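Computed from a predicted structure; not experimentally measured. One-based numbering along the sequence shown. Because only heavy atoms are used, hydrogens play no part in the values below, and waters and symmetry mates are left out as well, while side chains stay in.
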Amino acid sequence: MPDAPNPDFMREAIRLSIEKMQAGFGGPFGAVVVKDGQIIARGFNQVTTTHDPTCHAEVDAIRKACQVLGTFQLDGCDLYTSCEPCPMCLGAIYWARPARVFYGNTKQDAAAVGFDDHFIYDEIDKPLSERSIPMQQFLPEEAITGFKAWEAHESKTEY
């Protein structure tokens, strides 16, 4: 049976969410990545201060943890985050492949204080032609050359 979640790690994610928000870094979101019972990376929301809409706590923590580990995957790691991951962070989490994710607040809690990602979930389910941001395939016959080059590339790293 896997280890139970550690409340100290979640409390650290929550502490970061409050401390960094009060210091003016961005929204109230914090995350930590844990490996072998130790925090190896801390992340917090910096969207407004970095002018980077991808700088969410989970993405920040994942980036830092991968640098520490020298890899693009979080094998054997746990991610503790102060809030249920948004669609973007969820995608990053699946690409990073941690063992487990623990979260504090729900997406409904986030929506109640102005961080509502429901429209993104709705957009994902829509056909491309019905999305609020127009999306159209363009030059596919040229774009495919990159994938063909990838297939032929001898030293590619699969992920």
Side-chain angles (χ1 to χ4, degrees), residues 5 9-10 12-34 41-69 71-75 77-151 153 156-159:
F9 298 141
M10 181 58 76
E12 178 62 3
I14 294 166
R15 184 193 70 75
L16 282 168
S17 76
I18 297 166
E19 176 186 292
K20 299 302 183 179
M21 178 268 304
Q22 290 177 334
F25 282 97
F29 302 95
V32 298
V33 176
V34 175
R42 290 170 171 80
F44 51 94
N45 183 287
Q46 299 167 68
V47 168
T48 57
T49 54
T50 62
H51 309 290
D52 179 356
T54 69
C55 201
H56 288 200
E58 298 91 335
V59 171
D60 186 38
I62 288 168
R63 288 174 178 159
K64 290 172 179 173
C66 287
Q67 290 299 306
V68 167
L69 296 173
T71 183
F72 55 88
Q73 305 226 298
L74 298 179
D75 296 329
C77 294
D78 289 334
L79 174 67
Y80 290 78
T81 180
S82 63
C83 187
E84 183 177 358
C86 75
M88 177 187 68
C89 292
L90 189 60
I93 289 165
Y94 274 95
W95 281 115
R97 298 178 178 94
R100 304 179 299 178
V101 176
F102 302 102
Y103 62 90
N105 295 308
T106 66
K107 60 186 176 185
Q108 292 83 5
D109 296 330
V113 296
F115 297 96
D116 191 354
D117 298 325
H118 190 74
F119 76 98
I120 298 173
Y121 290 103
D122 290 344
E123 286 286 303
I124 290 168
D125 287 338
K126 290 180 182 177
L128 292 177
S129 63
E130 294 178 20
R131 290 187 179 168
S132 62
I133 297 176
M135 296 189 186
Q136 177 182 341
Q137 189 176 24
F138 186 63
L139 297 179
E141 61 283 347
E142 293 181 34
I144 199 68
T145 60
F147 284 169
K148 289 179 180 179
W150 170 256
E151 285 182 315
H153 190 60
K156 64 185 169 196
T157 301
E158 298 284 344
Y159 61 97

Backbone N/O of [Y] and side chain of [X]: donor-acceptor pair under 3.5 Å:
| X | Y | answer |
| --- | --- | --- |
| Asn45 | Gly27 | yes |
| Thr81 | Tyr103 | no |
| Ser82 | Ile14 | no |
| Glu12 | Val32 | no |
| Arg131 | Glu123 | yes |

Excluding sequence neighbours, so at least two apart, what forms salt bridge (charged side-chain N to carboxylate O under 4.0 Å, His left out) with Asp78?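 If we apply the salt bridge (charged side-chain N to carboxylate O under 4.0 Å, His left out) test to Asp78, skipping adjacent residues, the hits are Arg100.
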
Hey, mind stepping through Arg63 and Thr54 against side-chain contact (heavy atoms from CB on, under 4.5 Å) and telling me if it holds? CA-CA 11 Å; Arg63 288 174 178 159; Thr54 69; 3.3 Å; yes

Do you know which two heavy atoms are closest between [X] and [Y], and how far apart they sit?
| X | Y | answer |
| --- | --- | --- |
| Ala41 | Ala61 | CB-O, 3.6 Å |
| Gly104 | Met10 | N-CE, 3.7 Å |
| Gly43 | Leu16 | O-CD1, 3.9 Å |
| Leu90 | Pro85 | N-CB, 4.0 Å |
| Glu58 | Cys83 | OE2-O, 3.5 Å |

So, do [X] and [Y] sit near enough that their side-chain heavy atoms are less than 4.5 Å apart?
| X | Y | value |
| --- | --- | --- |
| Leu79 | Leu74 | no |
| Ile62 | Ile93 | yes |
| Trp150 | Lys156 | yes |

Any donor-acceptor pair under 3.5 Å linking the side-chain atoms of Gln73 with those of Thr71?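 The criterion, which ignores hydrogens and geometry beyond distance, is not satisfied for Gln73 and Thr71.
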
Just wondering, are more than 12 heavy atoms of other shown residues or ligands nearer than 6.0 Å to CD in Gln136?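 No, because the 6.0 Å sphere around CD of Gln136 holds 12 heavy atoms or fewer from other groups.
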
Pair listing, ring-ring contact (aromatic ring centres under 6.0 Å, His included) test, anchored in residues 83-102, at least two apart: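 Qualifying pairs, neighbours excluded: Tyr80-Phe102.
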
Kindly confirm or rule out a cation-pi arrangement of Lys107 over Phe115, judged by NZ or CZ under 6.0 Å from the six-membered ring centre and within 45° of its axis?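 Judged by the rule (NZ or CZ under 6.0 Å from the ring centre, within 45° of its axis), Lys107 is not positioned above Phe115.
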
ring-ring contact (aromatic ring centres under 6.0 Å, His included) against Phe119, all qualifying residues, sequence neighbours excluded: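 ring-ring contact (aromatic ring centres under 6.0 Å, His included) list for Phe119, sorted by chain: empty.
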
Give a yes or no on whether the ring-centroid distance for Phe72 and Tyr159 is below 6.0 angstrom.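 Phe72 vs Tyr159: aromatic centres under 6.0 Å.
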
What pairs with [X] under side chain to side chain donor-acceptor pair (under 3.5 Å), at least two apart in sequence or on another chain?
| X | answer |
| --- | --- |
| Glu19 | Arg15 |
| Thr48 | none |
| Asp60 | Gln46, Lys64 |

Mind running side-chain hydrogen bond (donor to acceptor under 3.5 Å, both in side chains) on Thr106 and Glu84 for me, showing each step along the way? CA-CA 5 Å; Thr106 66; Glu84 183 177 358; 4.9 Å; no

Inter-residue atom distance Cys55.SG - Phe29.CZ, 0.5 Å rounding: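 One gets 13.0 Å once the value is rounded to the nearest 0.5 Å.
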
Just say parallel, tilted or perpendicular for the rings of Tyr121 and His118, cut-offs at 30° and 60°.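 Correct class here is tilted.
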
